[in-house]
Amino acid sequence: EAKSTGNGTVRTFRPEMDGRYVAEQRLRTDLRHAIENGHLSVVYQPMYRPDGSEMECCEALVRWSHPERGWIGPNIFIPLAESMGLISDVTRFVLDKACADCAEWSGGMAVSVNLSVKDLRGGAITAMVAETLARYSLPAARLHLEVTESCFMEEPVAVSATLSRLRANGVTIAIDDFGTGFSSLSYLDSLPIDIVKIDRAFVRDIGTDPRRMKLLSGIVHLSRELDLRIVLEGVETQEQLDLVRKHNFADLVQGYIFSPPVPVDALESLRVNGVALSKAGSRAVSGRK
Ligand code: C2E
Ligand code: MG
Ligand code: MG
Ligand code: MG
């Protein structure tokens, strides 16, 4: 039933709101349990040279296998973990697994781990990273850390200070989802970053909309002027990949055109067998170096 609140707005009580609240509380309880009992897992999405010749790095992406609801994506449970004060447990788990796996990979491939703004508030992450690298004897150069553009917006001073320390220790820093955080471009040159990951929103329509091409081109040129490496997210179609190659829009490409996120064993077979992709119209398979 709708009830007038007297100030012109109408408040509606719907019984399913109660249900939704209960469901969210349940999810919180389940998440705490999952974190405590190791029910999270990590999948990897490769980043390739645009010609597909080399897998240089791969991104660790966390997954939650819920006993009744199946796979729950990070867009749902990362914010929950943040609000419950559990994000550092998630980060510790992903970082540990990613470094353990990376230490097994031949050829010096790097692994990239996402951080939350909450990880960057204090100094604890610096010690956590150093300890984890030491545990697996992994050189710092093989670890990349991704921080979204909006983190810099939320806490510019604390985030920059922590990242500078990590970077001084040899870790590579990437700004994630670049272009979606409404940051001022004027300070892009002062952030302690090495890599720009341009959000997939800037790739989506490049084949059909000349203005989107120009926008992407502008971001790419700006990033190159600032000596930043460029990763393009969300490349899905051959048409997009052809344009990216033709205009030299990226150092590395991450997207479904090459591979979705996959379990670690599947990543290994991608590394050994290479990706099948069309090169100048013909299909080619590139093997590992
Ligand atoms: P992100 O860091 O920008 O990761 C890329 C997301 O885009 C992934 O979603 C990936 O599956 C998806 N993606 C990759 N290629 C394509 C493509 O070609 N097309 C489309 N449509 N999507 C593509 P996922 O795994 O659901 O992760 C979502 C977000 O959750 C991540 O965005 C990241 O911000 C966050 N996240 C994931 N793992 C972690 C983690 O361990 N810690 C933290 N703090 N955040 C994480
Ligand atoms: Mg990321
Ligand atoms: Mg991203
Ligand atoms: Mg993104």
Side-chain angles (χ1 to χ4, degrees), residues 31 34-35 39-48 50 57-65 70-99 101-102 110-121 125 128-129 132 143-152 154 159 172-181 193 195-207 219 229-241 244 250 252-263 266-267 270 275 277:
L31 180 59
I35 291 169
H39 296 167
L40 300 183
S41 58
V42 174
V43 289
Y44 295 96
Q45 186 175 32
M47 299 175 210
Y48 284 95
C57 180
C58 60
E59 180 172 9
L61 294 158
V62 68
R63 296 289 182 265
W64 175 16
S65 170
W71 290 103
I72 300 180
N75 286 330
I76 292 175
F77 73 85
I78 291 290
L80 268 186
E82 284 175 341
S83 73
M84 293 166 70
L86 296 176
I87 191 66
S88 65
D89 297 299
V90 176
T91 303
R92 184 180 301 104
F93 166 75
V94 176
L95 187 65
D96 184 85
K97 176 76 170 109
C99 289
D101 286 338
C102 186
V111 75
S112 198
V113 172
N114 292 280
L115 296 183
S116 148
V117 65
K118 301 223 157 62
D119 291 315
L120 294 159
R121 271 193 194 137
I125 188 74
M128 192 199 285
V129 166
T132 311
L143 178 64
H144 297 190
L145 295 173
E146 302 189 7
V147 177
T148 61
E149 188 185 17
S150 51
C151 291
F152 285 105
E154 280 176 49
V159 166
T172 297
I173 308 294
I175 187 166
D176 202 358
D177 299 344
F178 184 76
T180 61
I193 56 174
I195 296 174
V196 168
K197 296 189 78 174
I198 300 175
D199 194 75
R200 67 169 180 270
F202 294 92
V203 178
R204 191 167 45 222
D205 298 321
I206 57 171
I219 297 171
R229 293 199 86 204
I230 299 164
V231 178
L232 221 50
E233 297 187 320
V235 177
E236 295 181 350
T237 69
Q238 188 63 49
E239 183 188 32
Q240 290 166 346
L241 184 61
V244 168
L252 294 175
V253 165
Q254 179 179 354
Y256 295 162
I257 183 76
F258 285 128
S259 173
V262 294
L267 186 78
L270 271 179
V275 284
L277 75 156

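Residues: numbered from 1 along the sequence shown. In each ligand, atom 1 is the first atom listed, and ligand 1 is the first ligand listed.
- For ligand 1 and D177, the ligand atoms under 4.0 Å from any heavy atom of the residue are 3 (O).
- Within the 4.5 Å cutoff, side-chain heavy atoms of V244 are placed close to those of L232.
- Listed here is the closest heavy atom pair of S116 and C151: C-SG, 4.4 Å.
- Close approach of ligand 1 to P261 (heavy-atom distance below 4.0 Å) involves ligand atoms 11 (O).
- Below 4.0 Å from some heavy atom of G255 lie the following atoms of ligand 1, by number and element: 15 (N), 18 (O).
- Smallest separation of non-hydrogen atoms from A250 and P50: O-CG, 3.3 Å.
- Across I257, V113, D176, heavy-atom proximity to atom 2 (O) of ligand 1 is greatest for D176.
- Contact analysis puts V235 in contact with ligand 1, with a non-hydrogen atom separation below 4.0 angstrom.
- The closest approach between V90 and ligand 1 stays at or above 4.0 Å for every heavy atom of the residue.
- Between W64 and F77, the ring-plane angle classifies as perpendicular under the 30° and 60° cut-offs.
- Taking only nitrogen or oxygen atoms, main chain and side chain alike, V62 reaches within less than 3.5 Å of ligand 1.
- Rounded to the nearest 0.5 Å, atoms OG1 (T148) and CG (D176) are 6.5 Å apart.
- With a heavy-atom cut-off of 4.0 Å, K197 does not touch ligand 1 at all.
- By heavy-atom distance, the residue among F178, W71, Y256 lying nearest atom 18 (O) of ligand 1 is Y256.
- If you look at the Mg ion (ligand 2), the protein N, O or S atoms less than 2.8 Å from it are E59 OE2, N114 OD1, E146 OE1, D176 OD2.
- Short contacts between ligand 1 and I78, defined as distances under 4.0 Å to a heavy atom of the residue, involve ligand atoms 42 (N), 43 (C), 45 (N).
- Between the E149 side chain and the I175 main chain, no donor and acceptor come within less than 3.5 Å of each other.
- For ligand 1, the polar-atom distance check against R63 finds a nitrogen or oxygen pair separated by under 3.5 Å.
- Side-chain contact between V129 and L145 is present, with heavy atoms from C-beta onward closer than 4.5 Å.
- When the heavy-atom distances from atom 7 (O) of ligand 1 to Q45, R200, E146, E233 are ranked, the shortest goes to R200.
- The nearest pair of heavy atoms linking A98 to Y44 is CA-OH, 3.4 Å.
- For the pair E59 and ligand 1, the shortest N or O to N or O distance falls below 3.5 Å.
- Proximity of a side-chain donor or acceptor of E236 to a complementary backbone N or O of G255 within less than 3.5 Å is not detected.
- Annotation: side chain of F93 is not in contact with side chain of I35 (no heavy-atom distance under 4.5 Å).
- Shown in contact with P74 at under 4.0 Å from a heavy atom are these atoms of ligand 1, numbered in order with element: 24 (P), 25 (O), 26 (O), 27 (O), 28 (C), 30 (O), 36 (N), 37 (C).
- Within ligand 1, the atoms closer than 4.0 Å to a non-hydrogen atom of N75 are 28 (C), 29 (C), 30 (O), numbered from 1 in the order shown.
- The side-chain contact (heavy atoms from CB on, under 4.5 Å) test with V159 singles out one residue from D119, L115, V147, and that residue is V147.
- Residue V94 is tested with V113, L40, V111 for a side-chain contact (heavy atoms from CB on, under 4.5 Å); the sole match is V113.
- Annotation: side-chain contact (heavy atoms from CB on, under 4.5 Å) contacts of R92 (sequence neighbours excluded): D89, M128.
- At a 4.0 Å heavy-atom cut-off, ligand 1 touches N114 through backbone and side chain alike.
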